[in-house]
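Reading through the structure tokens given below for one structure.
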Amino acid sequence: MKVILKDLSKHFGNVKAVNNLNLEINDGEFIALLGPSGCGKTTTLLTVAGLYKPTRGYIYFNDRIVNEVSPKDRKIGMVFQSYALYPHMTVFDNITFPLKLKKTPREDRKRKALDVARLVHIEGLLNRKPAQLSGGQQQRVALCRALIKEPEILLLDEPLSNLDAKLRAAMRSELKRLQKDLSITTIFVTHDQVEAMTMADRVAVMNEGVLQQFSNPDELYNYPKSLFVAGFIGSPSINLIDVSLARSNGKFFLKGKGVQIELPREISSRVESNSLSPQLVFGIRPEHITVNQKKEGIKAEVYVVEPLGRENLVTIKTSDISLKVLTSPTLKIGPEEKVWIDFNLDKIMLFDKETGRSLLLR
Amino acid sequence: MCKKLTMIGFLVVLISLFISTVPVIGVTIESEKVYELTANIIGPGPIGTKKAENIESAAEEINKMLESMGSPVRVKVSVKFSTLKWGPFADKFYMDFRAGKAPDIVNLRWDPKLADGKFIIPLDKYIAMWWDLDFYDFYSNLWKGVTWKNNIWGIPNDICPAGVWYRKDVLRKLGYNDEEILKMLPSDGKTTLNKLAELAKKAVDAGLVEYGILHRPSKGAGFYATLLEFGVKCYDTLTGNLVIDEPALLKFYKWHADMVKEGVIPPEPPSWKTIHATFVEGKTFCTLASHVGTPGEWKKKYGLTDKALENDLGFLPFPPAVRGIEPTSVHEFAPYLITTKCKHPDIAALLIMFATSPHACAIHSAYTLRPPYRGSALEDPLIKDNEYIQKTAPSVRTVQPVPVHPNFWDYMTRAFNALKGVEAGIITPTQAVDDLKSFGTTIPHMEFIKK
Amino acid sequence: MAKGWLKIRPHWFFLSPGVLLISFFYFIPVVLVFVIAFTNMDQAFNWRFVGLANFSRLFTLRDPLIPRIIKNTIVYIVGALPLTIIGALLISLLTMRVNRTASLFFRAVFFLPRLIPPVVWGFLWMWSFEGTRYGVFNSILGSFGLPIIHWFIKFPMLIVIFANGFLGISLAMLIFTSAIASIPRDYLWAAEIDGASFWQTSRFVIIPLLRWPIMTMTAWHLMSFINSYVYIFLITGGGPYHATEVWALYGYNTAFKNYQYGYGSSIMVVLVVINVLLLITLLRSFGMKKMIERSRIEA
């Protein structure tokens with residue numbers, strides 16, 4: 001099922017929870033709605049589910065407008081953050097509740113319950129009450145209840161956030177596998193960028209009710225359209241430095257506090273045509289800065305070294321600016337040591353300080 | 001003339017009394033001696049207020065006399081007047097008594113429990129002592145109502161002969177002239193309850209009234225009177241025991257059930273307010289719930305005019321419903337009583353005597369339109385020219401007191417509740433009598449008259 | 001020494017007002033009632049011990065009213081209790097469905113009986129169903145030219161049940177509404193997405209989640225209906241002819257209307273014993289520990 005949100009808005013009084021959202025989700029696609037809390041991602045999901053009526057705009061399932069279709073007729077399965085398992089019912093009753101409401105014969109219910117339970121390996125727990133299950137098991141039960149209806153769209157509201165870190169990692173891959181096997185169009189709400197990036201085919205980043213960017217994880221990471229996306233995506237997060245664009249002798253320079261970087265020609269020409277003001281933000285991810293002790297590049301001083309195992313996260317100070325850099329553990333440096341840094345100019349990002357828009361994209 | 005003589009008589013009594021009771025203070029010491037007494041008087045309702053005021057004026061009169069004699073003795077009485085209903089007022093008295101706060105004089109519905117439980121003292125001594133002086137002209141049938149075990153325990157202070165009020169104007173609309181009306185319903189009651197019911201049915205059927213006959217919504221003397229008219233024997237005067245008279249009771253309940261069926265009596269008795277209001281408005285043909293003095297209340301609260309009272313209303317004692325019964329009226333006494341906690345019973349008795357003097361009796365009568373309880377009060381200027389009181393005064397002579405027995409009102413409560421049950425159709429007359437019979441077995445010495 | 005005293009005694013110090021009040025207004029009266037039940041005390045407070053006479057009168061049915069009183073009590077409770085619980089559930093569920101203003105309005109209307117003084121509430125029913133044409137309902141009938149109905153004769157028990165049921169509803173509704181409000185929204189949404197109609201959601205999700213409030217309110221009102229007679233007393237006084245006289249009211253009427261304090265007390269003693277037995281049963285079946293835990297809905 002293809003899902004299209006067209007100019008979708010949802011207001012609560014004066015609060016514009018979702019503002020003019022446009023999104024096109026392909027059949028069988030797994031997308032994530034990502035953003036900080038209060039960004040409107042859950043509201044969007046509930047509106048797609050039909051639990052909220054949109055204030056403006058349209059929701060299409062394939063070619064059909066479903067604004068007025070009630071939730072039960074939308075052929076959706078949903079997993080809530082709290083799982084919403086009925087405490088007074090057994091796992092079996094919980095899973096087969098949608099079928100019971102449709103008056104499906106008990107034999108069919110049993111068979112289908114076993115089928116979905118096998119998918120997520122909980123066939124041994126059918127007679128238990130939710131309170132007797134672990135968080136991960138409850139999560140699987142909730143998933144079963146959503147899947148038993150054979151929905152055409154699966155809506156997941158932060159389904160992994162109540163699990164511990166190890167389980168969460170395991171469930172991520174399992175969910176993804178399941179989604180691919182069943183090839184159900186899936187919308188997944190999360191505030192965890194790792195979850196979104198690892199699981200989704202495409203990620204829609206939202207902030208304050210507005211869609212910031214909707215693209216695949218790679219593009220999102222490497223070509224963020226806005227300052228917000230750049231800052232939100234990536235861990236450790238991107239280094240952002242206020243700079244101004246200066247020109248001398250036909251060359252372009254970025255000038256910040258104690259930094260001056262010469263821009264390659266093709267970048268500078270694009271910046272010049274795109275920028276409206278000379279106030280820019282220069283962005284570079286920690287892995288795109290190289291550190292050397294060979295006195296090449298900008299002189300700086302090591303502030304903190306945080307070993308992450310595979311690599312070290314080093315905080316470096318140069319004049320008033322501090323930068324995060326990922327280095328190889330083989331590079332033995334310690335605090336207060338003098339080092340030299342170099343930027344990989346192919347990977348730099350530049351944003352308009354006022355609008356936050358990327359200046360390097362067309 | 002007569003009045004002057006009695007005054008002199010009073011003085012003589014007073015002097016002798018106070019000299020005998022307070023010789024030391026009265027003669028040898030000049031300083032003032034004040035006797036303080038208390039009295040709790042019940043209305044019930046505001047209509048009885050003169051019973052309380054009469055006690056206060058009695059004290060004033062006595063003090064005036066003492067002053068004129070130069071005696072330093074004074075009587076001070078504090079009277080509390082209550083508009084409570086009978087039951088709660090009695091509760092309060094018993095509780096006060098047990099708490100050691102009993103008044104000296106109290107005004108309660110007469111109940112032999114008061115005498116048996118030693119709450120009150122017998123008054124024979126004073127009545128005998130002052131008979132010629134004061135009590136000689138109290139209607140003689142009234143003393144029976146305050147007698148128990150050969151003693152007199154209270155002084156009557158009010159009389160309201162219960163009976164039948166009906167509307168002459170309704171009968172006129174049915175085509176009877178005044179002469180015929182008086183023949184059918186003579187004011188001495190020499191007719192039958194069935195005649196009354198027959199006229200009531202005609203009035204109802206003609207759509208002239210809403211209610212044919214209304215009776216009391218609660219037990220009371222008037223209810224007992226209707227039992228008497230059916231020849232129901234409730235009390236054996238010889239043995240002093242209560243009686244359950246099955247055949248007569250059955251007749252009584254059957255008659256009422258029939259009346260409800262015919263639409264003469266409503267299946268549930270309306271409230272007092274509705275009874276009074278609909279009768280004064282002319283929407284009720286006849287009420288068995290009232291007494292000679294009720295027009296006083298009708299005038300004060302329901303806008304009855306003197307003209308309507310004179311022309312349109314008729315009164316008679318309860319007429320008999322079966323052969324061999326005389327027309328009757330009843331009254332339940334609530335006399336002045338002196339409690340055993342009274343330290344100066346002589347003075348209390350003196351106060352009561354003054355509070356029931358012919359003039360005091362006339363004051364009460366004029367205020368309530370009830371007949372006086374003593375003959376000489378009729379000559380008091382206050383009511384001498386009151387036509388209504390003068391006309392209805394003889395009704396007092398037909399009054400029978402209700403039996404004096406500790407379980408009598410308990411019995412009446414059951415009998416009345418059964419009447420309501422019969423009228424409402426919840427029980428049959430036979431069941432009503434059966435229930436009364438099994439109640440009777442719980443009362444010691446109950447006598448039964450079988451079918 | 002002083003330190004030790006402080007250590008042990010403060011709780012007694014803080015408890016003492018409550019302990020005193022409870023002993024004055026509960027324990028001493030209960031003990032007195034037990035004592036009086038073995039006497040023949042009358043209106044004038046004359047009494048002597050009569051042994052088990054009062055109780056033998058009760059249990060050997062020498063009081064002909066007892067079978068009727070027991071029947072009335074059972075009919076009354078069997079009528080008023082379901083009315084209260086089901087009525088309150090219905091109102092709570094339905095007000096959940098309509099918009100906020102309407103729901104507030106209806107809940108306020110059904111809560112009114114709690115705010116009205118008992119005497120006024122009783123008289124309202126009495127006047128409304130008065131059997132003359134001046135009664136509220138009869139005057140309505142009259143304005144359509146219909147004959148009057150003697151409500152209290154035809155439907156005495158029904159009137160009494162409804163008058164008390166509406167009072168029960170007002171409290172139970174309040175409890176149920178707040179319990180429903182505290183059900184996580186996810187449960188209701190999940191049910192909605194799964195295709196449950198309003199009634200299915202109520203039946204399969206909401207009502208099972210309200211198990212505790214429903215049980216508490218059932219126990220509460222069972223006790224309350226067994227013991228309270230105030231509204232029956234005000235509306236019918238137990239009449240007509242004992243048609244609405246329940247056990248507690250019969251005890252009251254015997255003691256304070258017929259002035260048989262002794263016999264009345266013995267009737268009340270039976271009530272006290274029934275209460276104690278009921279309380280023990282309820283505590284057992286609910287589990288005392290669970291009862292005194294914080295109120296909850298199972299979520």
Side-chain angles (χ1 to χ4, degrees), chain B residues 87-88 90-91 93-95 97-99 108 111-120 210-211 214 217-219 260 266-271 273-275 277-278 283 406-407 409-411 413-414 416-427 431-432 434-442, chain C residues 40-48 50 53-54 56-58 60-68 72 123 126-127 129-135 138 142 147-157 236-245 250 253-263:
Chain B
D91 287 349
F93 168 74
Y94 287 122
M95 267 181 241
F97 192 95
R98 292 292 178 198
L108 286 169
D111 184 333
K113 278 203 291 274
L114 289 163
D116 292 346
K118 301 210 169 15
F119 292 95
I120 55 171
E210 193 176 336
Y211 300 113
L214 293 180
S218 62
K219 68 172 198 278
V260 172
E268 46 184 336
S271 65
K273 221 183 118 189
T274 309
I275 296 173
T278 56
K283 286 176 189 153
N407 294 110
W409 284 111
D410 195 8
Y411 178 16
T413 306
R414 308 276 175 163
F416 182 75
N417 282 341
L419 174 64
K420 282 210 289 187
V422 167
E423 287 177 342
I426 289 166
I427 47 170
Q431 278 173 315
D434 287 346
D435 280 2
L436 274 181
K437 265 158 65 186
S438 48
F439 157 74
T441 58
T442 65
Chain C
N40 66 348
M41 187 182 280
D42 64 7
Q43 186 185 19
F45 304 108
N46 294 320
W47 60 273
R48 65 189 163 75
V50 292
N54 289 330
S56 82
R57 186 171 158 195
L58 265 181
T60 58
L61 300 185
R62 263 194 298 130
D63 182 342
L65 288 176
I66 292 296
R68 204 170 331 188
N72 286 345
F123 281 178
M126 203 177 83
W127 291 330
F129 289 101
E130 199 188 296
T132 67
R133 69 189 156 79
Y134 307 106
N138 276 339
I148 61 161
I149 294 173
H150 292 280
W151 303 98
F152 282 117
I153 289 175
K154 284 218 168 121
F155 319 104
M157 192 48 104
T236 66
Y241 201 65
H242 311 291
T244 53
E245 193 148 23
Y250 187 56
N253 279 341
T254 306
F256 297 104
K257 276 228 163 134
N258 298 342
Y259 297 112
Q260 299 173 329
Y261 292 126
Y263 186 46

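Just so you know, these numbers use all the heavy atoms, side chains as well, and skip hydrogens, waters and symmetry mates. By convention in this document, chain letters (A, B, ...) are assigned in the order of the sequence lines, proteins followed by strands, and residues within each chain are numbered from 1. No experiment lies behind these values; they were computed from the predicted model shown.
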Between NZ on residue K257(C) and OG1 on residue T413(B), distance to nearest 0.5 Å: 9.5 Å
Heavy-atom pairs under 4.5 Å with chain C, option from L419(B), D435(B), D111(B), D116(B) with the top count: D435(B)
Rounded distance [0.5 Å steps], CD1 in I427(B) versus CZ in R68(C): 6.5 Å
Heavy-atom contact with chain C under 4.5 Å, split by part of S271(B): neither
Under 4.5 Å from any heavy atom of chain C - which part of K273(B): neither
Residue part contacting chain B, namely of D42(C), when any heavy atom lies under 4.5 Å: side chain
Most contacts with chain B, counted as non-hydrogen pairs under 4.5 angstrom, among H242(C), Q260(C), H150(C): H150(C)
Non-neighbouring partners of F119(B) that pass ring-ring contact (aromatic ring centres under 6.0 Å, His included), sequence neighbours left out: Y94(B), F97(B)
For the student: nearest non-hydrogen atoms of F152(C) and E268(B), plus distance: CB-OE1, 3.9 Å
Point-to-point distance, once rounded to the nearest 0.5 Å, from CD1 of I153(C) to CD of E423(B): 8.5 Å
Flag side-chain contact, heavy atom, 4.5 Å: D91(B) against Y259(C): yes
